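Bear in mind the structure is a predicted one, so any value in this text is a computation, not a measurement.
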Amino acid sequence: SNATNATIDSSNTTTTTTITQTDAVVYGIDSTASISEESEQSATFTLSLGGVTLGTGITTAVNLALGGDAGESDVKNKFVSQLQTSAGSTSGVSWNGTALNFDDTFSGSIFSFSVQALDDDVVEGDEELIATLSNATNATIDSSNTTTTTRSEERRVGKECLSLCR
């Protein structure tokens with residue numbers, strides 16, 4: 001405005017600079033390593049949002065899929081049901097059927113939900129639940145994009161036959 005020993009060019013008194021945001025949320029996932037079906041234990045799946053916090057008006061999303069040999073429809077339905085319930089009760093989180101969405105009202109860096117094993121009379125052997133992250137939007141996925149929980153069953157065909165085959 002008041003130059004000393006200089007003049008101000010009236011056509012260049014302001015400038016605009018664009019700052020590009022290069023930081024991003026970094027997703028990771030972990031789960032309980034092993035649960036027992038007979039004890040009806042729960043597996044906790046924990047999604048971490050590292051890196052930066054979401055700024056005003058910023059959203060991010062990541063696909064979450066269940067696989068493994070315990071991916072039969074009743075287990076998958078329970079997984080999705082618990083995920084949807086947890087997302088619905090957590091501010092700033094929603095589930096659209098394939099992706100978890102986070103907005104700037106989400107507080108913290110951890111989102112968790114638990115799935116309880118139910119004891120049944122079917123001898124299935126040990127099974128794995130594998131949760132996998134993919135297709136992050138406005139974020140990246142770290143090397144821990146997959147987690148496995150083993151659902152163990154203590155009953156074996158031989159043990160069942162001892163009591164049922166007589």
Side-chain angles (χ1 to χ4, degrees), residues 14-122 124-154:
T14 61
T15 187
T16 302
T17 301
T18 302
I19 300 172
T20 303
Q21 177 73 26
T22 58
D23 295 333
V25 168
V26 180
Y27 287 110
I29 191 165
D30 196 12
S31 65
T32 308
S34 180
I35 60 173
S36 167
E37 182 175 311
E38 282 78 15
S39 299
E40 295 192 351
Q41 294 176 324
S42 293
T44 299
F45 293 85
T46 303
L47 188 74
S48 62
L49 286 76
V52 298
T53 56
L54 295 174
T56 303
I58 304 298
T59 62
T60 183
V62 66
N63 287 5
L64 178 58
L66 177 66
D69 53 7
E72 66 265 7
S73 63
D74 64 325
V75 174
K76 186 171 185 171
N77 289 341
K78 180 171 253 194
F79 179 90
V80 169
S81 174
Q82 290 303 113
L83 173 58
Q84 188 168 15
T85 298
S86 214
S89 64
T90 304
S91 179
V93 182
S94 63
W95 169 252
N96 69 11
T98 56
L100 273 168
N101 301 282
F102 296 86
D103 67 31
D104 60 355
T105 62
F106 175 71
S107 176
S109 60
I110 300 289
F111 172 77
S112 296
F113 64 99
S114 295
V115 180
Q116 183 179 13
L118 295 178
D119 193 15
D120 58 27
D121 293 331
V122 179
E124 303 155 308
D126 293 354
E127 300 173 303
E128 291 183 333
L129 292 91
I130 301 171
T132 304
L133 301 177
S134 63
N135 300 325
T137 304
N138 293 331
T140 60
I141 301 171
D142 73 12
S143 60
S144 63
N145 69 326
T146 299
T147 187
T148 301
T149 296
T150 301
R151 184 175 71 172
S152 64
E153 181 163 35
E154 295 163 12

Least distance between heavy atoms, [X] atom then [Y] atom:
X: I141; Y: A136; answer: CG1-CB, 3.8 Å
X: Y27; Y: A139; answer: CE1-CB, 3.5 Å
X: S42; Y: S114; answer: CB-CB, 4.3 Å

Output yes when a side-chain donor or acceptor of [X] lies under 3.5 Å from a complementary backbone atom of [Y], and no otherwise.
X: N145; Y: T132; answer: no
X: D104; Y: L54; answer: no
X: T149; Y: L129; answer: no
X: T98; Y: N63; answer: no

Report task. Identify, with sequence neighbours excluded, every residue that meets side chain to side chain donor-acceptor pair (under 3.5 Å) alongside D30. Result ->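 Per chain and number, D30 pairs via side chain to side chain donor-acceptor pair (under 3.5 Å) with no residue.
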Query - side-chain contact (heavy atoms from CB on, under 4.5 Å) partner of I29, chosen from V62, L64, T46 - result: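 Only one option passes, and that is L64.
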Query raised in the report: Out of T147, T148, V115, L47, which residue meets the side-chain contact (heavy atoms from CB on, under 4.5 Å) rule with S31?
Result: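 Result for side-chain contact (heavy atoms from CB on, under 4.5 Å) with S31: T147.
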Requested in this report: Could you please spell out the steps behind the side chain to side chain contact (heavy atoms under 4.5 Å, CB included) verdict for L133 and L100?
Outcome: CA-CA 10 Å; L133 301 177; L100 273 168; over 6 Å; no
How long is the span from the [atom1] atom in [X] to the [atom2] atom in [Y], to the nearest 0.5 Å?
X: D142; Y: S48; atom1: CG; atom2: OG; value: 6.0 Å
X: Q84; Y: S89; atom1: CD; atom2: OG; value: 11.0 Å
X: T44; Y: Q116; atom1: OG1; atom2: CD; value: 11.0 Å
X: F111; Y: T90; atom1: CZ; atom2: OG1; value: 5.0 Å

Query raised in the report: Will you find, in the side chains of T137 and N135, an N or O donor that is under 3.5 Å from an N or O acceptor?
Result: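 No donor-acceptor contact under 3.5 Å links the two side chains.
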**Report entry** Partner residues of F113 under the ring pair (Phe, Tyr, Trp, His ring centres under 6.0 Å) criterion, sequence neighbours left out
**Finding:**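 So F113 forms a ring pair (Phe, Tyr, Trp, His ring centres under 6.0 Å) with F45, F79.
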